[in-house]
Q: 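The structure that follows is given in the form of structure tokens.
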Amino acid sequence: MSDRDGAEWRKPVIVGEDVKPFRKEEHIYPPEYEGHFDGVMITCAEIHERIQQLASLIHTDYKGIRPVLVCTLKGASPFYIHLSDALKEIRQGFDMEFVRASSYEGTTTSGQVEFVGELKMSSLQGRHILLIEDIVDTWTTLSALIPMLQEQGKPASVEVCSLLDKRLEVKKYEAKYVGFSIPNKFVIGYGLDYEELYRDLKDIFVISQLGISFDASTLHK
């Protein structure tokens, strides 16, 4: 990675306000999601290319250090898996932890954060933590999680790597590593859900009104 490329990669890829039109022949998705997309935000090919760039940046910054990659479940899990694979390919060592957090009710944040499961705080002392997130918007989850890690884990550092950063008028924090800067639209796919649906999509889409009003109880489970 050249210095020029490294500097360029530190800036998120900007996704414009006008999302790409949805063409069903170009995407793979379960048939029950027919009509649930208003447009395409980011394709899986674009995601994987950007993940390679983020992995190179992390390797540059953490060379000789084994960071602790903390995945915020469930949404960040596909990003976490592919990012960790990219780090393995370039021989960047790391340790793994997981935490499940939720602050959304429908398409809006509840303002309350619930953590499920326990992080091994004793294993974080003096370590460099890299929180892996699917999307940064209101920072409701991270504004609760980061202080908890700092107070209870006493790490050497805490940084955030997020696949997406939503452009909002008021920004509370900035993640160190960001894949894509996206407009203020509700997105689904690649781990991102609405009412626990759509995590099983390869691409990232803008949800349609049909998707929002869809009754998940009609699905055969």
Side-chain angles (χ1 to χ4, degrees), residues 1-23 26-29 36-62 69 71-72 75-87 90 103-104 107-109 130-143 146 158-194 198-199 201-208 211-212:
M1 178 177 65
S2 70
D3 291 338
R4 182 181 64 82
D5 288 340
E8 290 176 353
W9 291 350
R10 290 189 184 278
K11 300 175 183 177
V13 175
I14 305 298
V15 179
E17 296 291 327
D18 297 325
V19 298
K20 297 182 283 288
F22 173 73
R23 297 183 177 89
E26 297 177 359
H27 303 279
I28 300 172
Y29 56 92
H36 292 197
F37 314 123
D38 258 354
V40 182
M41 184 68 72
I42 309 168
T43 67
C44 59
E46 292 169 328
I47 293 170
H48 289 290
E49 179 181 1
R50 183 61 179 144
I51 285 175
Q52 296 297 323
Q53 296 170 357
L54 291 174
S56 294
L57 291 175
I58 292 168
H59 180 53
T60 297
D61 294 346
Y62 290 88
L69 272 57
C71 177
T72 55
S77 54
F79 178 43
Y80 185 86
I81 290 168
H82 292 132
L83 179 64
S84 62
D85 282 345
L87 291 171
I90 53 178
S103 65
Y104 266 86
T107 60
T108 60
T109 180
L130 188 56
L131 289 171
I132 310 301
E133 270 281 3
D134 52 355
I135 185 168
V136 169
D137 42 25
T138 63
W139 278 84
T140 301
T141 300
L142 291 176
S143 64
I146 291 174
V158 179
E159 298 291 353
V160 176
C161 177
S162 181
L163 178 64
L164 307 178
D165 182 276
K166 188 176 287 188
R167 295 193 293 275
L168 302 176
E169 290 185 7
V170 179
K171 298 290 292 185
K172 294 183 180 180
Y173 302 95
E174 295 289 341
K176 183 171 184 178
Y177 308 98
V178 176
F180 300 88
S181 170
I182 67 170
N184 187 13
K185 299 179 186 293
F186 195 89
V187 291
I188 52 173
Y190 196 72
L192 295 152
D193 79 300
Y194 175 73
Y198 311 112
R199 297 190 194 276
L201 295 168
K202 293 166 62 95
D203 309 289
I204 297 176
F205 302 92
V206 178
I207 193 170
S208 68
I212 292 173

Q: List the atom of Gly16, the atom of Pro183, and the distance in Å for their closest heavy-atom pair.
A: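 Heavy atoms of Gly16 and Pro183 come nearest at O-CG, 3.6 Å.
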Q: Can you tell me how far CD1 of Ile47 sits from CZ of Phe180, rounded to the nearest 0.5 angstrom?
A: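 Here the rounded value is 6.5 Å.
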Q: Which distance, rounded to the nearest 0.5 Å, do you find between the NZ of Lys166 and the OG of Ser181?
A: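 If we round to the nearest 0.5 Å, Lys166:NZ and Ser181:OG are 11.5 Å apart.
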Q: Hey, could you give me the CG/SG distance between Leu69 and Cys161, rounded to the nearest 0.5 Å?
A: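 So the gap between those two atoms works out to 8.0 Å.
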Q: Please walk me through it: do Leu131 and Val158 pass side chain to side chain contact (heavy atoms under 4.5 Å, CB included)?
A: CA-CA 7 Å; Leu131 289 171; Val158 179; 4.0 Å; yes
Q: Within a strict 4.5 Å, meaning less than it, do heavy atoms of the Asp165 and Ile182 side chains meet?
A: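 No, side chains not in contact.
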Q: Please determine whether the number of non-hydrogen atoms from other residues, nucleotides or ligands lying under 6.0 Å from atom CG of Asp18 exceeds 12.
A: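 At most 12 heavy atoms, drawn from other residues, nucleotides or ligands, come within 6.0 Å of this atom.
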Q: Which distance, rounded to the nearest 0.5 Å, do you find between the CG of Asp203 and the CD1 of Ile42?
A: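 Output value for this atom pair is 10.0 Å.
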Q: Quickly, which of Leu54, Asp134, Leu164, Ile135 forms a side-chain contact (heavy atoms from CB on, under 4.5 Å) with Phe79? Name it, please.
A: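 The single option meeting the side-chain contact (heavy atoms from CB on, under 4.5 Å) with Phe79 is Leu54.
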Q: Please assess Val187 against Ile207 for the test side chain to side chain contact (heavy atoms under 4.5 Å, CB included), listing each intermediate value before the final yes or no.
A: CA-CA 6 Å; Val187 291; Ile207 193 170; over 6 Å; no
Q: Donor-acceptor pair, Arg50 side chain versus Gly179 backbone, under 3.5 Å?
A: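 Such a contact is found between Arg50 side chain and Gly179 backbone.
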Q: Output all residues satisfying side-chain hydrogen bond (donor to acceptor under 3.5 Å, both in side chains) with Tyr190, sequence neighbours left out; order by chain, then residue number.
A: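 side-chain hydrogen bond (donor to acceptor under 3.5 Å, both in side chains) check on Tyr190 returns His82.
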Q: Given side chain to side chain contact (heavy atoms under 4.5 Å, CB included), test Val178 with Leu163 step by step and report yes or no.
A: CA-CA 6 Å; Val178 176; Leu163 178 64; over 6 Å; no
Q: How long is the gap from OG on Ser77 to CD1 on Ile132, to the nearest 0.5 Å?
A: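 Between atom OG of Ser77 and atom CD1 of Ile132 there are 12.0 Å.
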Q: Could you walk me through whether Ser162 and Tyr177 pass side chain to side chain contact (heavy atoms under 4.5 Å, CB included), step by step?
A: CA-CA 6 Å; Ser162 181; Tyr177 308 98; over 6 Å; no
Q: More than 12 non-hydrogen atoms from neighbouring residues, nucleotides or ligands closer than 6.0 Å to CD on Glu49, yes or no?
A: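 Open.
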Q: Between the side chain of Lys20 and the main-chain N/O of Met41, is any donor-acceptor distance below 3.5 Å?
A: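 Yes, Lys20 side chain to Met41 backbone: donor-acceptor pair under 3.5 Å.
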Q: Could you tell me how the ring of Phe37 sits relative to the ring of Phe205: parallel (under 30°), tilted (30 to 60°) or perpendicular (over 60°)?
A: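 It falls in the parallel class, under 30°.
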Q: Any idea which heavy atoms bring Ala86 and Gln52 closest together, and the distance?
A: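 Nearest pair, atom of Ala86 first, then Gln52: CB-NE2, 3.9 Å.
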Q: May I ask you to check whether Tyr198 and His36 show a side-chain donor-acceptor distance below 3.5 Å?
A: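 Short answer, yes.
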Q: Let me confirm one number: the CD1-CG distance from Ile58 to Leu87, rounded to the nearest 0.5 Å.
A: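 Taking CD1 in Ile58 and CG in Leu87, the distance rounds to 5.5 Å.
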Q: Can we say Arg10 and Asp61 salt-bridge, meaning some charged N sits less than 4.0 Å from an Asp/Glu carboxylate O?
A: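 So Arg10 pairs with Asp61 through a salt bridge.
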Q: For the CD1 atom on Ile28, are there more than 12 heavy atoms of other groups (residues, nucleotides or ligands in this structure) within a distance under 6.0 Å?
A: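 Not more than 12 within 6.0 Å, no.
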Q: What pairs with Glu159 under side-chain contact (heavy atoms from CB on, under 4.5 Å), at least two apart in sequence or on another chain?
A: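 For Glu159, the residues satisfying side-chain contact (heavy atoms from CB on, under 4.5 Å) (neighbours in sequence not counted) are Tyr62, Leu130, Lys176.
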Q: Hey, could you give me each pair passing side chain to side chain donor-acceptor pair (under 3.5 Å) that has a residue in residues 38-48? Not counting sequence neighbours.
A: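 Listed once each, the pairs are Thr43-Glu46.
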